[in-house]
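The residues of the chain are indexed from 1 along the displayed sequence. Quantities reported herein were computed from a predicted structural model and do not represent experimental measurements.
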Amino acid sequence: MAASSVARSATTPFPLNVVSKPSQSDHFPKTALNFDPRFKCCRIALALASLRSDDNDRSSNGGHGHNHLVGGALELDSSAFEDFPYDVLSKDLHTLPRPLSSTHLSNSVSDGSRLRVAYQGVRGAYSESAAEKAYPNCEAVPCEQFDTTFEAVERWLVDRAVLPIENSLGGSIHRNYDLLLRHRLHIVGEVKLAVRHCLLANHGVEVEDLKRVLSHPQALSQCEHTLTKLGLVREAVDDTAGAAKHVALHKLKDTGAVAGSAAADIYGLTILAQDIQDDCDNVTRFLMLAREPIIPGTDRPFKTSIVFSLEEGPGVLFKALAVFALRQINLTKIESRPLRKQPLRASDDNNGRYFDYLFYVDFEASMADQSAQNALRHLKEFATFLRVLGSYPMDRSMI
């Protein structure tokens with residue numbers, strides 16, 4: 001069974017010589033969906049107990065970082081940013097929310113005044129823009145790592161998380177697929193954001209002065225033609241806005257950053273060039289995550305995301321996908337990831353070992369639709385594992 005990633009696979013009719021027989025699941029009586037919401041008082045108590053445990057375990061860790069190169073990527077020292085002055089409406093850096101880390105989760109408590117939404121990165125990141133597009137007037141809370149955003153929601157420190165899952169040029173963000181399975185958060189929505197890269201530098205610096213440029217690896221690859229034409233050496237860092245922050249902090253004169261225009265405003269940098277991406281159709285899809293699922297409806301287009309695993313055998317994946325085709329349910333995404341706890345399994349005929357995979361699938365239907373419920377009942381008849389990650393409204397906004 002090969003691992004593959006296929007985006008936007010339309011439902012294809014079966015050949016005429018294939019006879020489609022309805023599954024027994026199609027004859028089940030219609031039943032209402034039953035959700036199992038967790039008791040919030042218990043969740044709060046568990047979160048507080050977890051925080052106290054984490055604080056005791058982590059109090060002995062210093063956590064001081066240094067700027068150094070690891071595997072060709074520049075690792076930025078976040079502690080050096082504490083006293084960094086910047087020019088945003090005459091405020092100083094301390095008015096910016098500090099990125100949450102796994103050791104600082106207990107220091108952030110929601111006051112309930114606004115919806116708090118976690119995202120990975122620092123101020124000015126594309127993820128912050130996505131969070132604000134998904135939840136206007138929210139309080140966007142930066143986190144150092146993707147893992148931290150999941151933890152912040154689970155511990156009731158924030159209300160939602162907005163995380164990238166795929167890019168039209170760079171493909172899937174595999175790390176977040178793995179975290180969706182590891183954690184018990186629910187997908188409650190999606191938002192698409194057009195990515196428009198800019199070349200940023202300190203005031204007084206011209207393009208001719210630049211020798212190198214910093215940014216996230218994907219951003220650098222998406223601007224490869226422009227950066228090659230300018231003859232700039234590319235150095236990878238954790239995120240685009242962090243690159244802009246680093247350039248401004250150290251007042252670098254020979255180094256620029258590839259980031260969004262919001263980062264230029266926040267860190268007081270000059271935009272030397274706009275829209276430097278090689279492809280203008282550069283869109284990132286983000287998922288909106290919450291502790292509880294939303295009740296799916298039929299009043300507007302919905303999308304449902306699932307993950308499942310299968311036994312090895314000829315045509316097994318075909319059978320799994322056929323449960324949707326037989327009911328005219330369109331697939332928009334299929335992604336395979338190795339089953340981490342058991343990546344290899346011996347074949348039944350002892351002719352070798354093969355990989356086990358998890359399959360992530362998005363399809364255009366609400367879990368309130370009887371056809372979608374029947375399809376999953378049918379899939380469950382031969383899937384070794386099945387989990388619904390969320391059923392949520394589709395983002396049909398014009399990018």
K.L.:
Is atom CG of Asp299 surrounded by more than 12 heavy atoms (other residues, nucleotides or ligands) closer than 6.0 Å?
P.N.:
yes

K.L.:
Could you verify whether a donor N or O on one side chain and an acceptor N or O on the other, from Ser215 and Thr240, lie under 3.5 Å apart?
P.N.:
no

K.L.:
Should Leu389 and Ile306 count as side-chain neighbours, where that means a heavy-atom distance under 4.5 Å?
P.N.:
no

K.L.:
Measuring only between side-chain heavy atoms, which start at C-beta, is Thr284 closer than 4.5 Å to Ser168?
P.N.:
no

K.L.:
Look up atom CG in Asp362 and atom OH in Tyr392, then write down how far apart they are to the nearest 0.5 Å.
P.N.:
4.5 Å

K.L.:
For the residue pair Lys319 and Phe382, would you count it as a cation-pi contact if the rule is NZ or CZ under 6.0 angstrom from the ring centre and within 45 degrees of the ring axis?
P.N.:
yes

K.L.:
Hey, is Glu364 close enough to Lys303 for a salt bridge, meaning N to O under 4.0 Å?
P.N.:
no

K.L.:
With side chains defined as the heavy atoms from C-beta onward, is the minimum distance between Asn374 and Arg327 less than 4.5 Å?
P.N.:
yes

K.L.:
Is Asp275 paired with Arg196 through a side-chain N to carboxylate O contact shorter than 4.0 Å?
P.N.:
yes

K.L.:
Do side-chain atoms of Arg291 reach the backbone of Val153 as a donor and acceptor pair under 3.5 angstrom?
P.N.:
yes

K.L.:
Does any part of the side chain of Ile276, heavy atoms only, come nearer than 4.5 Å to the side chain of Val258, both counted from C-beta?
P.N.:
yes

K.L.:
Carefully, step by step, assess Glu154 and Arg184 under the rule salt bridge (Lys or Arg N to Asp or Glu O under 4.0 Å).
P.N.:
CA-CA 8 Å; Glu154 289 176 329; Arg184 300 297 299 183; over 6 Å; no

K.L.:
Do side-chain atoms of Ser391 reach the backbone of Ser366 as a donor and acceptor pair under 3.5 angstrom?
P.N.:
no

K.L.:
Please work out whether the ring planes of His197 and Tyr126 are parallel, tilted or perpendicular, with thresholds of 30° and 60°.
P.N.:
perpendicular

K.L.:
Are the side chain of His186 and the backbone of Val188 linked by a donor-acceptor contact shorter than 3.5 Å?
P.N.:
no

K.L.:
Any chance NZ of Lys253 has more than 12 other-residue heavy atoms, nucleotides or ligands included, within less than 6.0 Å?
P.N.:
yes

K.L.:
So, do Leu321 and Phe318 sit near enough that their side-chain heavy atoms are less than 4.5 Å apart?
P.N.:
no

K.L.:
Looking at Glu335 and Lys333, is any side-chain nitrogen of the basic one under 4.0 Å from a carboxylate oxygen of the acidic one?
P.N.:
yes

